[in-house]
Amino acid sequence: MRAVCWHGTEDVRVETVRDPEIINPRDAIVRVTSTAICGSDLHLYNGRIPAMKKHDILGHEFMGEIVELGSGVKNLKKGDRVVVPFTIACGGCYFCSNDLYSLCDNSNPKAVMAEKLWGHSPCGIFGFSHLLGGYSGGQAEYVRVPFADIGPMKVPSHLEDDQVLFLTDVFPTGYMAAENCDIKPGHVVAVWGCGPVGQFAIASAKLLGAEKVIAIDEVPDRLAMARSQGAETIDFSQCSGTFDLLGQIKAKTGGRGPDACIEAVGMEAHGFGVEHLYDRTKQALQLETDRPAALRQAIMACRKGGVISMPGVYGGFADKIPLGAMMNKALRVRTGQTHVQRYLKPLLEHIEEGRIDPSFVISHHYNLEDAPEAYRMFQSRTHACTKVVMNPGEPA
Amino acid sequence: MNNTGNHRSTSFISSHSRELGLLLGIVVVTAGIAFYLRRNAGTFSALSPSKDVKLESHVTINCSPATVYQFWKDFKNLPQVMSFIERVERQEGNVYHWVARGPAGPGLEWDAEVVDDQPNKLLAWRSLEGSEICTWGTVLFKGRDDGRGTEVAVAFNFSPPHNLLGAAAKFLSGLENEALSQDLRNLKSHLEAGEIPSSRRFTEGNQSTKGINV
């Protein structure tokens with residue numbers, strides 16, 4: 001089969017590799033019909049996530065058709081069209097039993113590595129380094145899906161791939177970020193980062209009743225997309241510095257600050273001036289793995305007693321987090337990989353009822369063969385690129 | 001000349017004090033990281049076979065104490081989850097024959113007797129006198145009433161004779177606490193998920209995609 005393989009920093013290649021096989025009774029093999037590049041794939045592309053190996057197959061947003069099933073999967077059959085959560089979960093541990101699927105105890109076969117870095121391991125994730133299991137990803141013609149009786153959900157045939165594909169990650173991720181804000185009538189939510197997760201956070205904050213959403217980014221077409229969803233926007237490239245940005249946010253919130261701040265940027269944020277230089281330098285010297293500029297701004301901007309919701313991905317250690325502001329303002333921090341399985345059905349219902357059509361974030365369709373070009377374009381944010389969907393097996 | 005030299009060096013230090021401070025900071029941080037890595041590396045280094053090997057690990061399993069106890073009480077089950085046990089066979093009465101799995105392959109065997117059996121609470125075993133190696137172990141099962149299953153505490157002890165050679169010595173030098181921790185993870189996955197997770201791609205052969213590019 002053909003698959004998108006990681007080779008190093010800014011080096012992905014489409015290669016012919018052996019087809020995956022059923023290993024465990026609860027496995028399925030899925031023939032991929034659509035797969036997307038996630039913003040977090042760019043962290044891998046930029047070499048920011050440790051424990052990647054050459055030839056690792058990328059991709060954790062994918063859907064397709066069940067072509068093979070292990071003996072232990074009773075709720076699916078060959079030919080079923082399914083979306084597959086990026087979080088692999090067993091369904092039987094304490095965390096799965098409590099709807100906290102991304103904390104599954106049993107799906108990371110390399111948990112020992114994660115335990116050394118983080119104390120405990122989250123669930124395994126497709127195509128996202130050996131730290132999170134070393135599973136082959138979905139930017140390929142076929143994928144082995146473990147615990148297939150818990151993750152994959154059948155989708156109705158009248159909905160197209162583009163409408164349901166993002167149930168695998170970015171829609172639930174944006175939704176959980178908004179849900180974590182405990183939005184009440186009158187609340188203002190600020191969203192840092194207007195990539196796909198930010199866009200779904202904006203849409204979800206609206207669905208959950210936020211009075212106002214303020215979206216912060218520097219890419220014109222992403223800000224325009226946020227505005228088209230009803231958000232007020234701030235172009236931080238037009239701000240003179242952090243205090244200017246904070247002042248503008250205060251001006252939009254009656255001086256109080258947002259009731260909740262969603263940080264949908266993660267470990268490769270672009271800060272201002274000296275601060276940005278400091279983080280870039282420390283990251284280059286490996287004295288800091290993560291650049292938390294957006295998180296710092298969110299903590300400073302948030303109203304007293306507010307919520308910092310972090311769907312943005314971090315890997316290791318970050319410096320100069322304003323803990324004084326966090327403590328003295330009594331902020332609550334909510335974060336985590338998304339408990340995708342928890343949101344599949346309710347969010348599918350939103351799509352079926354026509355309250356949201358997730359395909360609005362798609363800017364490009366590519367053939368899987370053109371993955372290297374798609375990564376380059378998504379990385380550079382040129383060509384108004386917000387989201388790339390790739391289709392294996394179709395002529396370029 | 002001397003005065004000028006001193007003056008110059010003083011001004012050099014003051015004008016470069018920030019850089020020196022930064023350099024010192026980096027040295028301190030690097031030394032700290034090196035110290036941390038050394039300390040932790042020690043934890044995982046091979047244990048000397050001439051000393052007692054004591055393994056201990058804890059895990060919470062989302063099952064009743066009875067489920068975990070039943071699995072363990074049938075010692076023949078243990079090789080399904082334990083990396084350093086090749087097989088266990090039941091002998092007469094409470095005696096089981098254990099065969100080790102290690103870097104040198106099977107080669108160390110012993111008979112052990114169950115010396116304490118408190119249903120759903122505790123199991124303890126000890127090698128029979130005259131065995132090639134003196135070994136004993138315990139597993140404690142503590143049910144929680146808050147829906148979090150059973151806390152399992154396992155201890156394995158190996159006390160080798162001083163003249164231990166060959167396979168047995170290799171087996172013991174390869175035993176690390178981390179192996180027991182991984183085995184308890186396997187036990188937990190086996191009981192909670194019905195299988196042990198794997199990111200293998202193929203049932204056999206090289207798991208890498210390397211070498212089959214066209």
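None of these values were measured; they are calculated from a predicted model. In what follows, chains carry the letters A, B, and so on, assigned in the order in which the sequence lines appear, proteins first and then strands, with residues in each chain numbered from 1.
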Any sub-3.5 Å donor-acceptor pair from A:Arg26's side-chain atoms to B:Gly194's backbone N or O?
-> no
By residue number, those in residues 184-192 of chain B with heavy atoms under 4.5 Å from heavy atoms of chain A are B:Arg185, B:Lys188, B:Ser189, B:Glu192
With the side chain counted from C-beta on, respond yes when B:Ser198 and A:Asn24 share a heavy-atom pair under 4.5 Å apart, and no when they do not.
->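 Yes; the side chains approach each other to less than 4.5 Å.
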Residue pairs involving residues 88-98 of chain A (criterion side chain to side chain donor-acceptor pair (under 3.5 Å); sequence neighbours excluded) = A:Ser97-B:Asn62
Exceeds 12 heavy-atom contacts within 6.0 angstrom, atom CG of B:Asp146 | yes
Around atom NZ of B:Lys76, are there more than 12 heavy atoms of other residues, nucleotides or ligands at under 6.0 Å?
->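 Atom NZ in B:Lys76 is crowded, with more than 12 foreign heavy atoms closer than 6.0 Å.
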I need the minimum non-hydrogen distance between [X] and [Y], along with the two atoms involved.
X: A:Ile23; Y: B:Thr203; value: CD1-N, 3.6 Å
X: B:Ala193; Y: A:Phe147; value: CB-CE2, 3.8 Å
X: B:Ser199; Y: A:Gly133; value: OG-O, 2.7 Å

Structural part of B:Ile61 lying under 4.5 Å from a heavy atom of chain A | neither
With a 4.5 angstrom heavy-atom cut-off, is it the side chain or the backbone of [X] that approaches chain B, or both, or neither?
X: A:Arg144; answer: side chain
X: A:Lys53; answer: neither
X: A:Ile22; answer: backbone

CZ on B:Arg200 to OH on A:Tyr135, rounded to 0.5 Å =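 These two atoms lie 12.5 Å from each other.
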